[in-house]
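For clarity, every value in this text was computed on a predicted model and none was experimentally measured. As a basis for the values below, the full set of heavy atoms in this structure was taken, side chains included, without hydrogen atoms, waters or symmetry mates.
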Amino acid sequence: MPWYEKMWNWIKNFFLNNWSQIIIFFCVLIFGIILIKVILTLLNRAFKKSTRVTPTARHFFIGVIKAVLYVVYIIALLSMLGIPTTSMIALLSAFALAVSLALQDTISNLASGVVIVFTKPFSEGDYIELDGMAGTVTRITMFNTKLLTPSNQVVIIPNRTAVAANVTNYSLEETRRLEIPLSVAYGTDVEKVKEAGLAVAHAHEKVLKDPAPMTRLNNHGASSLDFILRVWVNRADYWPVYFDLKEQVVAAFNENGIEIPFNQLDVHVKDDVVKEIEAAVVQQEAAVIEKPQSEPKPQKATEQSDKPKTSRKKK
């Protein structure tokens, strides 16, 4: 009997003898996937309705529960196929130990993700500065955190790095302090500069009245008097107010005749130094005048007389 007929007979006998178990297996296979999706959907809705669960925690817990449900589902399918699950679980435990040793960083990221969810140093939607990069948190997964930078770049940071790094969260408080540096030329009336800066701040509708705006002299620069204009704004108005005040301060300075300085360098020459330089020049010129001129060197006769030499005859 050819080999393909033997295979066909084995497959036919297998389905005829185990057709009930095969039908149950496929029903469990399909029903299990549907049940897992229904459970995840119900949990997602319950987390959304709860005010105590943040979107960050919701995504994290849904991911963990999904992984656990699929592991239990696969073990149940293997037991239905007649594979001993006890030895399978022991094998999976040994395999998990080996994987955990090989994937220490990944497990560390998972544990750090749990820390982020419970301690909440930042949440999805917060604008943060983390590990030298700034952006809006778009997603916190089990292993990493995704930032969207202002230039629309996605930065993926491991969770263990996010936990260990210094995090600056700009979205926790509703208000922020805004500082505008102002530089004017030396000799400018200090009170005039303060009045111009405060007038600009009070005129802006998005600048908060409490705490009140402030303008004070901050530093004596190399070429300018440096002031600081401090105002408080709502978190969402920070950048619009920042650019508005920058432009309006320039217009206010022009109206009040306040000069915005540029880099200058004043050179002061002392009189005794000038006299020393002039004396050195005079001495150098006198030495040139008194130096005797060198006598010209005698030229060698290069040409002989054209006249022929005459010899005297002896008498």
Side-chain angles (χ1 to χ4, degrees), residues 120-138 145-155 157 161-162 165-270 273:
K120 300 178 181 179
F122 52 84
S123 302
E124 293 181 2
D126 290 351
Y127 186 84
I128 65 173
E129 185 175 349
L130 170 65
D131 197 23
M133 290 167 288
T136 303
V137 180
T138 57
T145 299
K146 295 181 180 180
L147 297 182
L148 182 64
T149 65
S151 57
N152 205 31
Q153 296 174 336
V154 177
V155 180
I157 301 175
T161 302
N166 294 326
V167 180
T168 303
N169 194 330
Y170 296 96
S171 301
L172 287 181
E173 301 297 333
E174 293 297 328
T175 59
R176 289 183 61 184
R177 190 179 72 181
L178 173 60
E179 295 186 353
I180 303 293
L182 309 175
S183 297
V184 299
Y186 273 101
T188 307
D189 187 1
V190 174
E191 294 300 326
K192 190 176 182 180
V193 177
K194 293 167 63 176
E195 291 175 1
L198 289 176
V200 171
H202 287 299
H204 202 289
E205 59 181 4
K206 294 184 179 180
V207 173
L208 300 180
K209 307 302 179 183
D210 186 22
M214 181 193 72
T215 304
R216 298 300 298 269
L217 179 61
N218 187 46
N219 185 32
H220 296 270
S223 303
S224 62
L225 294 175
D226 300 327
F227 289 76
I228 193 75
L229 171 60
R230 288 178 177 174
V231 299
W232 287 84
V233 296
N234 291 323
R235 185 180 62 203
D237 299 331
Y238 183 88
W239 288 112
V241 175
Y242 176 84
F243 292 114
D244 288 346
L245 293 183
K246 280 277 191 179
E247 297 171 356
Q248 294 171 10
V249 162
V250 175
F253 282 4
N254 292 333
E255 292 177 0
N256 291 274
I258 299 174
E259 181 182 356
I260 298 176
F262 52 87
N263 292 332
Q264 300 179 12
L265 178 62
D266 294 334
V267 179
H268 301 278
V269 181
K270 295 183 178 180
V273 177

Can you pull the side-chain hydrogen bond (donor to acceptor under 3.5 Å, both in side chains) pairs that have at least one residue in residues 174-184, sequence neighbours excluded?
-> Arg177-Glu179, Glu179-Arg230, Ser183-Asp226

With distance as the sole test, does Thr138 use its side chain to make a donor-acceptor pair with the main-chain N or O of Lys146 at under 3.5 Å?
-> yes

From Ile128 CD1 over to Thr145 OG1, what is the distance, rounded to the nearest 0.5 angstrom?
-> 7.0 Å

For the student: nearest non-hydrogen atoms of Asn169 and Ser171, plus distance | OD1-N, 2.9 Å

Counting only pairs under 3.5 Å, give me each side-chain donor-acceptor contact of residues 190-200, with atom names and distances, residues two or more places apart or in other chains.
from: Lys192; atom 1: NZ; to: Asn256; atom 2: O; distance (Å): 2.6

Shortest non-hydrogen pair, Leu229 vs Ala201, comes out as CD1-CB, 4.2 Å

One should read off an interatomic distance between Ile258 CD1 and Asp189 CG, to the nearest 0.5 angstrom, of 8.5 Å

side-chain contact (heavy atoms from CB on, under 4.5 Å), paired with Leu147, selected from Val155, Asp126, Thr136 | Val155

With side chains defined as the heavy atoms from C-beta onward, is the minimum distance between Asn218 and Phe227 less than 4.5 Å?
-> no

Enter the distance from Ser224:OG to Ile260:CD1 here, rounded to the nearest 0.5 Å.
-> 11.0 Å

Which residues satisfy the side chain to side chain contact (heavy atoms under 4.5 Å, CB included) test with Val154, sequence neighbours excluded?
-> Leu148, Ile156

Any residue meeting ring-ring contact (aromatic ring centres under 6.0 Å, His included) with Tyr242, in chain and number order, not counting sequence neighbours = Trp239

With sequence neighbours excluded, give me every ring-ring contact (aromatic ring centres under 6.0 Å, His included) pair touching residues 167-208.
-> Tyr127-Tyr170

Is the CZ atom of Arg235 crowded by more than 12 outside heavy atoms at less than 6.0 Å?
-> yes

Please identify each residue that fulfils side chain to side chain contact (heavy atoms under 4.5 Å, CB included) with Glu205, with sequence neighbours left out.
-> none

Is Leu182 close to Val184 at the side-chain level, that is, under 4.5 Å between some pair of heavy atoms?
-> no

From CG (Leu130) to CD1 (Ile157), nearest 0.5 Å | 4.0 Å

Give the minimum heavy-atom separation between Leu208 and Pro213, together with the two atoms involved.
-> O-CD, 4.0 Å

